**Q** 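Got a structure for you, questions after.
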Amino acid sequence: MSYDYDLFVIGAGSGGVRASRIAAGLGAKVAVAEDLYLGGTCVNVGCVPKKLFVYGSHFSEEFEAAAGFGWTVGKASFDWPTLRDNKTKEIERLNGIYDRMLGNAGVEIIEGRGTVVDSHTVAVNGKHYTAERILIAVGGWPSVPEIPGSEHIISSNEVFYMESFPKRVIVVGGGYIAVEFAGIFNGLGSETHLLYRGDLFLRGFDKDIREFTANEMAKKGIDLKFNNNITAIEKQTDGCLLATLTDGSKLEVDAIMYATGRKPKTENLGLENTKVKLSKNGSIIVNDDFQTEEPSIYAVGDVIDRVQLTPVALAEGMALARNLYGPEYSGENHQKVDYNFIATAVFSQPNIGTLGYSEEQAKEKFESVAVYKSDFKHMKHTLSGVDERTLMKLLVDQKTDKVIGCHMVGADAGEIIQGLAVAIKAGATKADFDSTIGIHPTAAEEFVTMREPAYILEK
Ligand SMILES: Cc1cc2nc3c(=O)[nH]c(=O)nc-3n(C[C@H](O)[C@H](O)[C@H](O)COP(=O)(O)OP(=O)(O)OC[C@H]3O[C@@H](n4cnc5c(N)ncnc54)[C@H](O)[C@@H]3O)c2cc1C
């Protein structure tokens, strides 16, 4: 049987682009269908534009901090169209890079929405393409609840292109995207309310980290409303939005952003024409090699709902392509994605960087864990006048002396934890941390100078 392609990929996001490029580099004939934007969520409406906004939003604090160092900064003002449009220009530049990268690798890009016709056929714009294998890398889409007035809600898709900047905003959600956008809006000058239906945001993170972050965000002026939600939204004649909350109060704002989760984009994808199985939330069920129940169809990235992060989608796409098309990756070189000890950051203000077990998870799993903690004022803030503290935490398995958890809230936490992640993934012990000479004066040196445990956790 001959096919048009060896591999047909649906979705040119993080996972799809990486799999296409590696497969083509290993000699496969590859096409990728993309219906919105090259580079996917991360490049267009995710990690990259968000981080640019985080940088932008930090200047207000820097201007404030400058005075303590002798600077006189004139009255600062913020122009939203400048940030928005400069960001968009940068994203367009990245789209071009993706286009050239795929072209240079020999991958054919087909613009349009792909649907699965059968186990070896994909339709795009009414045309059928056959392939020995199909990879589904369609990612996810913001999921917003239906409430009266929900048509006025914006999600992370729209927030990057807002016509005007809201003077007052409500962000709804308890995940990292909600927390990050509350910081962005606040830093850029909005009166910011963060609403979450649970009693504390960032479920799954270490409890100290969650509480510390909430406290720091509140100090920066964000109004945190936990155990609260919106029941209805009404648009006023002047264009403002009036939100009614579950506690009975009302809040008038200019924009309401929901970051209440993302749904795998598997609706109307034609999967009913195959044996591919979906879980309850619509994600695609795959085995350890990303193969679905239909042997010629594979899936990677957010659509399989394992760990929804760009580097994870990249690792999955790369492992799959290597295993399928690289003879050198057979036998004992077979590629597996290791989901243990994935370092992550939340670009809240201050940042969170985290790796390994939280205190709550460690208590369940290990017999005895030593907890080292340091809560201090960053040297910069001794003169800046900014009332921000830093928290660092190390969890050590008493039996092996291995560091099993490493958490931080503070400036550049993501950058610091990324470095430590290599050591911890390689099995670093507390003794290794202790014998490492610090870099002085840095905040990061605190990680190698914490001598006495704050307490011991017993199972
Ligand atoms: C606001 C926000 C901030 C984020 N920040 C971070 C961060 O800081 N760090 C991090 O690691 N991760 C972050 N993420 C998550 C990250 O963006 C995703 O984990 C990553 O993009 C997943 O890659 P993917 O390839 O699975 O899907 P995607 O990148 O979503 O790519 C899927 C692609 O498929 C296309 N597509 C969908 N259906 C079809 C179809 N039928 N036919 C053709 N094309 C189709 C889509 O248009 C899209 O381009 C963030 C996400 C959001 C929303």
Side-chain angles (χ1 to χ4, degrees), residues 13 35-37 40-54 56-57 78-88 91 139-197 201 217 222-225 228-246 250-265 267 302 308 346-349:
D35 72 340
L36 282 178
Y37 25 52
T41 303
C42 179
V43 170
N44 294 276
V45 286
C47 338
V48 175
K50 172 201 74 186
K51 188 80 189 283
L52 293 174
F53 283 7
V54 170
S57 68
F78 167 64
D79 183 53
W80 163 248
T82 302
L83 174 61
R84 180 195 59 201
D85 298 347
N86 284 345
K87 173 273 301 172
T88 303
I91 300 307
W141 201 249
S143 136
V144 172
E146 284 292 322
I147 54 165
S150 54
E151 67 276 15
H152 306 302
I153 291 169
I154 58 168
S155 73
S156 58
N157 282 348
E158 293 78 44
V159 77
F160 294 107
Y161 295 94
M162 289 181 305
E163 194 65 31
S164 56
F165 188 74
K167 284 203 178 71
R168 303 157 300 173
V169 67
I170 299 177
V171 180
V172 181
Y176 75 93
I177 297 174
V179 171
E180 291 174 337
F181 270 93
I184 290 170
F185 279 117
N186 185 57
L188 293 177
S190 287
E191 173 195 300
T192 307
H193 309 271
L194 176 60
L195 258 68
Y196 175 50
R197 63 182 178 183
F201 54 34
M217 286 175 69
I222 298 173
D223 171 35
L224 300 175
K225 291 187 186 303
N228 218 332
N229 210 341
I230 297 181
T231 54
I233 300 166
E234 284 165 75
K235 191 160 192 162
Q236 311 293 94
T237 46
D238 60 0
C240 297
L241 301 174
L242 187 67
T244 307
L245 311 190
T246 41
K250 292 193 188 271
L251 256 182
E252 192 185 79
V253 291
D254 306 296
I256 300 178
M257 174 184 171
Y258 268 62
T260 43
R262 292 173 63 81
K263 265 185 75 172
K265 221 176 166 187
E267 264 175 37
D302 281 7
Q308 297 196 357
V346 178
F347 298 101
S348 47
Q349 294 173 31

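Source: prediction; values computed, not measured.
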**Q** T260 and R197: side-chain contact (heavy atoms from CB on, under 4.5 Å), yes or no, with the steps?
**A** CA-CA 10 Å; T260 43; R197 63 182 178 183; over 6 Å; no

**Q** With rounding to the nearest 0.5 angstrom, report the OG to CD1 distance, S348 to I222.
**A**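 One finds 9.0 Å between OG of S348 and CD1 of I222.
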
**Q** Going through the distances and angles, do F201 and L224 end up as a side-chain contact (heavy atoms from CB on, under 4.5 Å)?
**A** CA-CA 10 Å; F201 54 34; L224 300 175; 4.1 Å; yes

**Q** Excluding sequence neighbours, so at least two apart, what forms side-chain hydrogen bond (donor to acceptor under 3.5 Å, both in side chains) with N44?
**A**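 Checked N44 against side-chain hydrogen bond (donor to acceptor under 3.5 Å, both in side chains); matches are N95.
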
**Q** What distance do C47 atom SG and I177 atom CD1 have between them, rounded to the nearest 0.5 Å?
**A**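 Answer rounded to 0.5 Å: 9.0 Å.
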
**Q** If the condition is side chain to side chain contact (heavy atoms under 4.5 Å, CB included), which residues does D85 pass it with, not counting sequence neighbours?
**A**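 With sequence neighbours excluded, D85 shows a side chain to side chain contact (heavy atoms under 4.5 Å, CB included) to P81, given in chain and number order.
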
**Q** Rounded to the nearest 0.5 Å, what's the gap from NZ on K167 to CD on E191? Could you check?
**A**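 The CD atom of E191 is 11.5 Å from NZ of K167, to the nearest 0.5 Å.
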
**Q** Among all residues two or more places apart in sequence or in another chain, which pass the salt bridge (Lys or Arg N to Asp or Glu O under 4.0 Å) test with E252?
**A**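 Result, salt bridge (Lys or Arg N to Asp or Glu O under 4.0 Å) vs E252: R168.
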
**Q** What is the minimum heavy-atom distance between F53 and V159, and which atoms define it?
**A**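 F53 and V159 have their closest heavy atoms at CE2-O, 4.3 Å.
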
**Q** Residues in ring-ring contact (aromatic ring centres under 6.0 Å, His included) with F347, at least two apart?
**A**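 Applying ring-ring contact (aromatic ring centres under 6.0 Å, His included) to F347 gives none.
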
**Q** To the nearest 0.5 Å, tell me how far E267 CD sits from W141 CH2.
**A**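 Reported to 0.5 Å precision, the distance equals 12.5 Å.
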
**Q** So do the side chains of I153 and V172 get within less than 4.5 Å of each other, counting heavy atoms only?
**A**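 With C-beta onward as the side chain, the pair stays apart.
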
**Q** Closest heavy-atom contact between S57 and I184?
**A**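 Closest heavy-atom pair between S57 and I184: CB-O, 3.5 Å.
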
**Q** Hey, is the main chain of G140 close enough, under 3.5 Å, to the side chain of D302 for a donor-acceptor pair?
**A**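 The answer is no, because no donor-acceptor pair under 3.5 Å joins these two groups.
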
**Q** Looking at S190 and P166, would you say the former's side chain and the latter's main chain have a donor-acceptor pair under 3.5 Å?
**A**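 Checked: pair present.
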
**Q** Mind checking what makes side chain to side chain contact (heavy atoms under 4.5 Å, CB included) contact with A243, not counting sequence neighbours?
**A**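 Per chain and number, A243 pairs via side chain to side chain contact (heavy atoms under 4.5 Å, CB included) with I170, I230, L245, I256.
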
**Q** Keeping the roles fixed (side chain from R84, backbone from E163), state whether a donor-acceptor pair exists under 3.5 Å.
**A**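 Such a contact is found between R84 side chain and E163 backbone.
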
**Q** Under the side chain to side chain contact (heavy atoms under 4.5 Å, CB included) test, which residues partner Y161, sequence neighbours left out?
**A**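 Residues passing side chain to side chain contact (heavy atoms under 4.5 Å, CB included) with Y161: V45, K87, T88.
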
**Q** Should we count CD of Q236 as having more than 12 external heavy atoms under 6.0 Å?
**A**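 Result for CD/Q236: enclosed.
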
**Q** Hey, is the main chain of T231 close enough, under 3.5 Å, to the side chain of T244 for a donor-acceptor pair?
**A**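 Flag not set: sc T244 to bb T231 has no pair under 3.5 Å.
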
**Q** Fit a plane to each ring of F165 and W80, take the angle between them on a 0 to 90° scale, and name the class: parallel (under 30°), tilted (30 to 60°) or perpendicular (over 60°).
**A**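 If you compare the ring of F165 with that of W80, the planes turn out tilted.
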
**Q** Indicate yes or no: at least one non-hydrogen side-chain atom of P49 is less than 4.5 angstrom from one of I91.
**A**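 Heavy-atom side-chain distance check passes, below 4.5 Å.
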
**Q** Under 3.5 Å, is there a donor-acceptor pair between the side chain of S155 and the main chain of N157?
**A**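 Yes, S155 side chain to N157 backbone: donor-acceptor pair under 3.5 Å.
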
**Q** S156: what forms a side-chain hydrogen bond (donor to acceptor under 3.5 Å, both in side chains) with it, not counting sequence neighbours?
**A**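 So S156 forms no side-chain hydrogen bond (donor to acceptor under 3.5 Å, both in side chains) with any residue.
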
**Q** Could I get the full list of side chain to side chain contact (heavy atoms under 4.5 Å, CB included) partners for S164, not counting sequence neighbours?
**A**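 S164 satisfies side chain to side chain contact (heavy atoms under 4.5 Å, CB included) with no other residue.
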
**Q** Please list, one pair per line, the donor and acceptor atoms closer than 3.5 Å that link side chains of residues 143-151 to other protein atoms, with sequence neighbours excluded.
**A**
unit_1 : atom_1 : unit_2 : atom_2 : d
S150   : OG     : I147   : O      : 3.0

**Q** Please list all pairs passing the side chain to side chain donor-acceptor pair (under 3.5 Å) test where one or both residues lie in residues 174-187, with sequence neighbours left out.
**A**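 Residue pairs with at least one partner in residues 174-187: K50-E180.
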
**Q** Using side-chain hydrogen bond (donor to acceptor under 3.5 Å, both in side chains) as the criterion, list what pairs up with T82, not counting sequence neighbours.
**A**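 For T82, the residues satisfying side-chain hydrogen bond (donor to acceptor under 3.5 Å, both in side chains) (neighbours in sequence not counted) are D79.
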
**Q** Would you check, one step at a time, whether the test side-chain contact (heavy atoms from CB on, under 4.5 Å) holds for C240 with V253?
**A** CA-CA 6 Å; C240 297; V253 291; over 6 Å; no

**Q** Answer yes or no: is there a donor N or O on one side and an acceptor on the other, between the side chain of T246 and the main chain of N229, under 3.5 Å?
**A**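 Indeed, once roles are kept as given, a pair shorter than 3.5 Å links the two residues.
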
**Q** What salt bridge (Lys or Arg N to Asp or Glu O under 4.0 Å) pairs are there with at least one residue in residues 233-246, not counting sequence neighbours?
**A**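 Sorted pair list comes back empty.
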
